[in-house]
Amino acid sequence: MKALVLAGGSGTRLRPFSYSMPKQLIPIANTPVLVHVLRNLRELGVTEAGVIVGNRGPEISAVLGDGAEFGMRVTYIPQDAPRGLAHTVAIARDFLGDDDFVMYLGDNMLPDGVVDIAEEFTAHRPAAQVVVYKVPDPRSFGVAELGPQGEVLRLVEKPRDPRSDMALVGVYFFTAAIHDAVAAIEPSARGELEITDAIQWLVSSGADVRASQYDGYWKDTGNVEGVLECNRHLLDGLGARMDGTVDAASVLTGEVVIEPGAKVVRSRIVGPAIIGAGTVVQDSHVGPHASIGRRCTVTDSRVENSIALDEASVTGVRGLRNSLIGRSASVGGTGQENERYRLVVGDHTRVEVAA
């Protein structure tokens with residue numbers, strides 16, 4: 001089985017970060033989302049992945065390379081503009097051939113994996129098998145209406161009056177039958193070839209289309225809130241690791257990762273937390289639920305439930321919470337106690353905060 005990974009989206013909900021980096025490269029627990037995705041796919045036995053890229057393709061390929069690090073071969077497939085999920089299947093036709101494949105949205109996090117669902121698909125090989133998740137309000141999602149045996153009766157995109165609470169989570173398994181469906185459909189009202197229309201074409205044609213419910217943790221990391229929540233979840237499963245240095249005046253409590261070359265000086269790190277390679281934390285309190293990237297500096301500050309990307313600096317800010325600090329960004333403050341800030345700071349930006 002091959003994989004088709006969609007990483008061409010523009011990430012408008014993650015601005016200002018998506019101006020300077022693809023949203024699929026935002027780090028969760030100091031690892032880019034796309035790396036998490038490829039690791040999940042490797043668990044399924046996938047050894048060939050086609051990655052759909054837009055104009056940020058070079059940045060994505062710089063991180064993923066040829067895929068050897070993940071035990072697979074990666075092929076990059078350019079898409080000139082967002083033209084719908086079904087369009088990505090069409091432009092990947094030569095790569096996919098007649099093989100079964102899993103299509104995976106590149107900003108989706110399913111850390112508990114879909115191995116069982118993949119095995120179910122391989123055993124029964126329906127024309128298509130969608131992964132669904134029960135949600136309290138389905139109106140913002142594509143929704144699958146199901147029969148008593150898990151068969152898909154109808155797919156509806158963002159229904160006003162949903163007949164089902166089963167939302168599509170952005171992971172789909174297909175046989176080669178999907179190619180006839182993609183060729184048969186027309187662009188939707190928004191001018192895109194919708195994968196829901198292609199799957200509905202299969203249903204209407206009498207093909208076997210199934211749904212499998214995912215019960216693990218699922219998060220769309222397309223906005224800041226989703227990124228921070230997902231970071232908290234992954235950090236909660238963190239194991240302690242010490243590869244850097246911590247001086248005698250510092251205290252580490254809980255599950256903390258200190259990556260190679262990182263230094264902790266006269267500081268308190270409360271897990272779960274991760275301090276990236278080459279980072280220096282001095283006279284500060286970091287955590288819980290903080291991910292500090294590589295080659296950062298945190299000085300005379302308190303940082304909780306936040307993410308700082310590579311080479312960011314935080315100085316004199318004693319109440320940085322629920323924040324996302326971009327690459328090489330600089331945040332400075334007064335050093336006073338009881339300050340409370342929630343910041344979203346883009347790459348290479350300087351911000352001064354005051355009590």
Side-chain angles (χ1 to χ4, degrees), residues 14-21 26-30 223-225 227-232 234-235 238 240 242-355:
L14 261 178
R15 291 174 179 166
F17 299 97
S18 53
Y19 285 127
S20 55
M21 70 185 303
I26 289 285
I28 308 292
N30 278 15
N223 58 47
V224 172
E225 290 74 19
V227 167
L228 290 174
E229 181 185 322
C230 193
N231 191 65
R232 287 194 298 271
L234 263 63
L235 289 180
L238 199 66
M242 171 60 68
D243 294 319
T245 59
V246 178
D247 74 354
S250 297
V251 177
L252 274 58
T253 62
E255 300 298 301
V256 175
V257 170
I258 308 294
E259 294 189 333
K263 298 179 181 180
V264 178
V265 181
R266 297 185 302 275
S267 296
R268 183 179 184 89
I269 313 296
V270 179
I274 182 168
I275 308 299
T279 284
V280 177
V281 178
Q282 184 171 302
D283 300 312
S284 295
H285 180 125
V286 175
H289 295 114
S291 293
I292 309 299
R294 299 170 297 178
R295 301 180 299 279
C296 295
T297 59
V298 179
T299 307
D300 192 28
S301 297
R302 186 181 184 107
V303 182
E304 303 175 12
N305 191 38
S306 297
I307 298 174
L309 277 63
D310 293 350
E311 301 182 352
S313 68
V314 179
T315 303
V317 185
R318 291 298 186 91
L320 194 64
R321 297 177 174 88
N322 307 315
S323 297
L324 185 53
I325 309 303
R327 296 176 297 182
S328 300
S330 174
V331 180
T334 65
Q336 296 182 21
E337 297 289 347
N338 300 320
E339 297 174 4
R340 293 179 181 271
Y341 296 103
R342 181 189 185 279
L343 300 177
V344 177
V345 181
D347 290 356
H348 309 284
T349 302
R350 181 177 178 82
V351 175
E352 295 290 335
V353 296

From Asn30 atom CG to Leu235 atom CG, the distance as rounded to the nearest 0.5 Å: 8.0 Å

Heavy-atom side-chain proximity of Val264 to Val286 below 4.5 angstrom: no

CZ (Arg350) with more than 12 external heavy atoms under 6.0 Å: no

Student check: side-chain heavy atoms of Asn322 and Glu225 closer than 4.5 Å: no

Side chain proximity check, Leu309 to Ile307, heavy atoms < 4.5 angstrom: yes

Interatomic distance, Leu324 atom CG to Ser306 atom OG [nearest 0.5 angstrom]: 8.5 Å

Validation row: Val280, Thr299 side chains within 4.5 angstrom (heavy atoms): no

Backbone of Thr297 reached by a side-chain donor or acceptor of Thr279 within 3.5 Å: no

Backbone of Ala277 reached by a side-chain donor or acceptor of Glu259 within 3.5 Å: yes

Test item: Arg321 and Asn305 side chains (from C-beta on) under 4.5 Å apart, heavy atoms: no

Validation row: Ile258, Met242 side chains within 4.5 angstrom (heavy atoms): yes

Approximate separation, where rounding is to 0.5 Å, of Glu304 CD and His285 NE2: 5.0 Å

Heavy-atom side-chain proximity of Asn231 to His289 below 4.5 angstrom: no

Approximate separation, where rounding is to 0.5 Å, of Arg302 CZ and Arg268 CZ: 9.0 Å

Straight-line distance of Cys296 SG to Arg327 CZ, nearest 0.5 Å: 12.0 Å

Heavy-atom side-chain proximity of Val227 to Ile28 below 4.5 angstrom: yes

